[in-house]
**Student:** 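Got a structure for you, written out below as structure tokens; questions coming shortly.
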Amino acid sequence: MVSYVLKRLGIAVLVAVTVSLITFSMIYLSGDPAVALAGETATEEDIEQIRRYYGYDRPILVQYADWLFRAVQGDFGQSHYLKKPVGDVIFERLPTTMMLGLCALIFALTLSIPLGVLAAIRPNSLIDRVALTIAVVGQAMPSFWFALTMMLWFGIYWRLLPITGSASWANFVMPSIALGYYITPGVMRLTRAGMMEVLSADYIRTARAKGLRPITVLFKHALRNAIIPVVSLAAVQFGFMLGGSIVIETIFAINGLGFLAWESIQRADLPMMQAIVLVLSIFYIVLTFLADMLNAWLDPRIRVA
Amino acid sequence: MSERILEVSGLSVEIPVPSGLLHPVQDVSFHVDRGETLAIVGESGCGKSLTSLALMDLLPPKARRQARKLELEGRDLTSLGERQMSDLRGDRMSMIFQEPMTSLNPAYTIGDQLIEAMRRHRGVSVAEARDRAVWLLEKVGITAARGRLGQYPHQLSGGLRQRVMIAMALMCGPDLIIADEPTTALDVTIQAQILHLLADLQREFQTGLILITHDLGVVARVADRVAVMYAGQIVEEGSARDIFQAPTHPYTQGLLDCIPIPGKTARGAHLGSIPGIVPSLVGEMQGCHFADRCRHARGLCRAGAIGLREGAGQSHRYRCIQSLAEAAAHLIREPEAVG
Ligand SMILES: Nc1ncnc2c1ncn2[C@@H]1O[C@H](COP(=O)(O)OP(=O)(O)OP(=O)(O)O)[C@@H](O)[C@H]1O
Ligand SMILES: [Mg+2]
């Protein structure tokens, strides 16, 4: 187990370093950052001054090391637009996005796993067809369109839920559904396929031959094994969801990282965008690592080498 | 008279398949007494596994079961619902499967899987169930048993896993154990050990044992009674002695010709084989199922259903219309003449 954890941890760190390198080089993607910062009317001298002020004149590796050293301490520099430390803004917005992501994930899993299980117990039944329909519709429907439709009905026609802001839990209902619905089809279909396979496994027959209750057979013996690939998928899908949160937060005007990202893109606020990408990536890497740990706990063949 | 554990009469299984209705088990009848080992033999696909699954009510979902009589210790199983059947499964009757590598759940320790049935049926404490598990693991020849409880199936060899499966089947002290080819997936060297273990335990605990196998050598050593199945039917049934000394059905004779029997087959003698293939079991079949492969087949054999008739020995029955005189002629073959 220890060697497995260390191995996964090593991989996570490697990925994080790679991501940080890519994020760092973002500043140079759109050309000379000093020129971009200085604006169109700036003189050679202004540019040179800006270059020195922001340290863009130093060797690139030194810049990276410096940037990384500060970043791990939560110092991402100054926002060009807000004139505030990037770190402060990000950590102010981060909880909202995590809350949204968590609610969306909970919504997605509580919908897709039970539906997947039911569909697997009774393949080709009504419930299986309903589940399949949900999956197909979910995959075909763009999340922004789904969000707007919900807004229209629940927010405007029926006035059941607030349509913008992030003041109360009610503000999170529609965004969570819109965001979570996006990952429902994949998780549901993998749960169904996994359960179908596991339910025909020999050890399920053994469990039934012991006279165990159907509930015990289904949840203890079948789901535990069927859920293992689902955990990995859910972690990957969660990454997509973080990307999707840019769209959803913008639509619902939720003050999270996604909304901030959209604002920063509009303002060409490079340090801010850089920090957002890095933070979201690290968030994702941590999550994948946790999913690996969860799988190791679920599957002793990984854990007990 | 000894105590009757299991009484099966007129058991049939039907499975709808794309090409029609499959009849993998047809009008099968047998019984098992306390402390008795009944071997069911027959070639692959003759319906042995489905017969045993039908007894446990663990048939595949599409399969339908019919029986005139299905009694475990006088209790009618045909009238029981799923709930009541599950009360009996793992408690009064338990099963050992062919594949020890896949029959244990990879996600749980063997200790956990061993105590489950007892916890479910007896409501005993975990500690009590674990004590019995350790005791049984030692009985099935596993050393350092208590330490094994925390191990996972993938940490055990195939032979060990099958021993665990046997211990698991014995947890509640069942009246009947069904072992469906318990050694087929194992090393040849381990096969004999496991079978002797099973036979010893069966004697010690005085359970009824149905041993399904295609290893006639094993049958000769451990079985009290033998049922020979062919294409979904029992074609001959009797004491091990009757079956081995006086096989009456041409299929049984053919089977015995295919294996060397210690003390009977001469060293270096040529072993036979049965030509032809098993008939399709889809749809209704006319006459004797074995007729197409039988060298004694006559027109009459294909005319209508062949019932079981009494053989020479006690409760010896066979499904063949050849005259007794003719059957007897085969019995007195010289062993040397087999080649
Ligand atoms: N779920 C199923 N659907 C359709 N046909 C089946 C199913 N299970 C078994 N059969 C068929 O029923 C027949 C009997 O199968 P069974 O498993 O009882 O044979 P067996 O005697 O146990 O053979 P083996 O020695 O190979 O284990 C076979 O022809 C098999 O193909
Ligand atoms: Mg079989």
Side-chain angles (χ1 to χ4, degrees), chain A residues 1 3-4 117-125 127-128 191-192 194-232 291-305, chain B residues 49 52-53 55-61 82-110 112-122 150-156 161 164-165 168-169 171-172 174 177-180 185:
Chain A
M1 179 68 182
S3 74
Y4 176 76
V117 170
L118 284 173
I121 306 174
R122 305 227 178 291
N124 301 321
S125 67
I127 187 108
D128 188 18
T191 307
R192 179 184 185 270
M195 275 305 265
M196 297 261 284
E197 193 191 317
V198 167
L199 281 176
S200 62
D202 288 339
Y203 56 79
I204 295 300
R205 192 180 52 188
T206 307
R208 293 185 61 211
K210 284 190 224 170
L212 301 182
R213 298 202 164 80
I215 287 286
T216 316
V217 175
L218 200 60
F219 288 98
K220 179 176 174 187
H221 286 276
L223 190 59
R224 166 88 179 245
N225 286 289
I227 209 77
I228 292 168
V230 176
V231 171
S232 310
D292 282 341
M293 293 302 106
L294 182 58
N295 266 351
W297 177 72
L298 286 171
D299 187 352
R301 281 164 300 183
I302 301 177
R303 189 174 3 123
V304 191
Chain B
S49 293
S52 52
L53 291 174
L55 300 180
M56 297 285 286
D57 198 12
L58 287 176
L59 285 169
E82 169 58 26
R83 183 64 205 261
Q84 292 151 310
M85 258 324 277
S86 76
D87 286 343
L88 294 180
R89 262 186 239 134
D91 186 14
R92 300 327 317 141
M93 60 201 300
S94 51
M95 192 154 173
I96 300 164
F97 296 98
Q98 182 169 347
E99 301 85 10
M101 304 312 271
T102 52
S103 292
L104 288 164
N105 193 328
Y108 296 97
T109 61
I110 61 160
D112 190 342
Q113 297 184 62
L114 273 164
I115 66 174
E116 264 182 328
M118 204 179 174
R119 297 265 297 150
R120 151 78 168 94
H121 295 293
R122 297 291 152 81
Q151 288 191 318
Y152 288 92
H154 75 272
Q155 295 172 296
L156 307 180
R161 286 189 215 190
V164 170
M165 289 296 290
M168 201 179 272
M171 279 299 285
C172 292
I177 296 177
I178 304 171
D180 186 0

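In this text, all values refer to a predicted model and were calculated from it rather than measured experimentally.
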**Student:** When heavy-atom pairs shorter than 4.5 Å are enumerated against chain A, which of B:Ser103, B:Gly90, B:Ser94 gives the highest number?
**Tutor:** B:Ser103
**Student:** What part of B:Met118 lies closer than 4.5 angstrom to a heavy atom of chain A: side chain, backbone, both or neither?
**Tutor:** neither
**Student:** Taking all non-hydrogen atoms of both residues, which atom of B:Ser52 and which atom of B:Ile178 are closest, and how far apart?
**Tutor:** CB-CG2, 3.4 Å
**Student:** Listed by residue number, which members of residues 117-125 of chain A have a heavy atom under 4.5 Å from any heavy atom of chain B?
**Tutor:** none
**Student:** Side chain, backbone, both or neither: which part of A:Arg224 has an atom under 4.5 Å from a heavy atom of chain B?
**Tutor:** side chain
**Student:** For the residue pair A:Thr206 / B:Asn105, report whether a side-chain donor-acceptor contact shorter than 3.5 Å exists.
**Tutor:** no
**Student:** Do A:Leu218 and A:Leu199 have side-chain heavy atoms sitting under 4.5 Å apart?
**Tutor:** yes
**Student:** Quick one: does A:Lys210's side chain have a donor or acceptor within less than 3.5 Å of a partner on B:Gln113's backbone?
**Tutor:** yes
**Student:** Please classify the contact of B:Leu53 with chain A as side chain, backbone, both or neither, using a heavy-atom distance under 4.5 Å.
**Tutor:** side chain
**Student:** Sort out for me which of B:Ala107, B:Ser86, B:Ala117 touches chain A most, counting heavy-atom pairs under 4.5 Å.
**Tutor:** B:Ala107
**Student:** In terms of heavy-atom proximity below 4.5 Å to chain B, should A:Leu298 be classed as side chain, backbone, both, or neither?
**Tutor:** backbone
**Student:** Please classify the contact between B:Gln151 and chain A as side chain, backbone, both or neither, with a heavy-atom cut-off of under 4.5 Å.
**Tutor:** neither
**Student:** Return the set of residues passing salt bridge (Lys or Arg N to Asp or Glu O under 4.0 Å) with A:Glu197 (not counting sequence neighbours), or none when no residue passes.
**Tutor:** none
**Student:** Find out whether B:Phe97 and B:Thr102 are in side-chain contact, i.e. whether some heavy atom of one side chain is under 4.5 Å from a heavy atom of the other.
**Tutor:** no
**Student:** Any side-chain heavy atom of B:Leu104 within less than 4.5 Å of one from B:Tyr152?
**Tutor:** no
**Student:** Can you check whether A:Val217's main-chain N or O pairs, donor with acceptor, with A:Arg208's side chain at less than 3.5 Å?
**Tutor:** no
**Student:** Please identify, among B:Met93, B:His121, B:Glu82, B:Met165, the residue contributing the most non-hydrogen atom pairs under 4.5 Å to chain A.
**Tutor:** B:His121
**Student:** Among B:Glu116, B:Met85, B:Arg83, B:Met171, which residue has the highest count of heavy-atom pairs closer than 4.5 Å to chain A?
**Tutor:** B:Glu116
**Student:** Does any non-hydrogen side-chain atom of B:Arg89 lie less than 4.5 Å from one of B:Asp57?
**Tutor:** yes
**Student:** Between A:Arg205 (side chain only) and B:Leu58 (backbone N and O only), is there a donor and an acceptor less than 3.5 Å apart?
**Tutor:** no
**Student:** With a 4.5 Å cut-off on heavy-atom pairs, point out which of A:Ala201, A:Ala209, A:Ser200 contacts chain B the most.
**Tutor:** A:Ala209
**Student:** Begin with the C-alpha distance, continue with both residues' side-chain angles, and end with the deciding distance and a verdict on salt bridge (charged side-chain N to carboxylate O under 4.0 Å, His left out) for B:Asp91 and B:Arg122.
**Tutor:** CA-CA 9 Å; B:Asp91 186 14; B:Arg122 297 291 152 81; 2.5 Å; yes
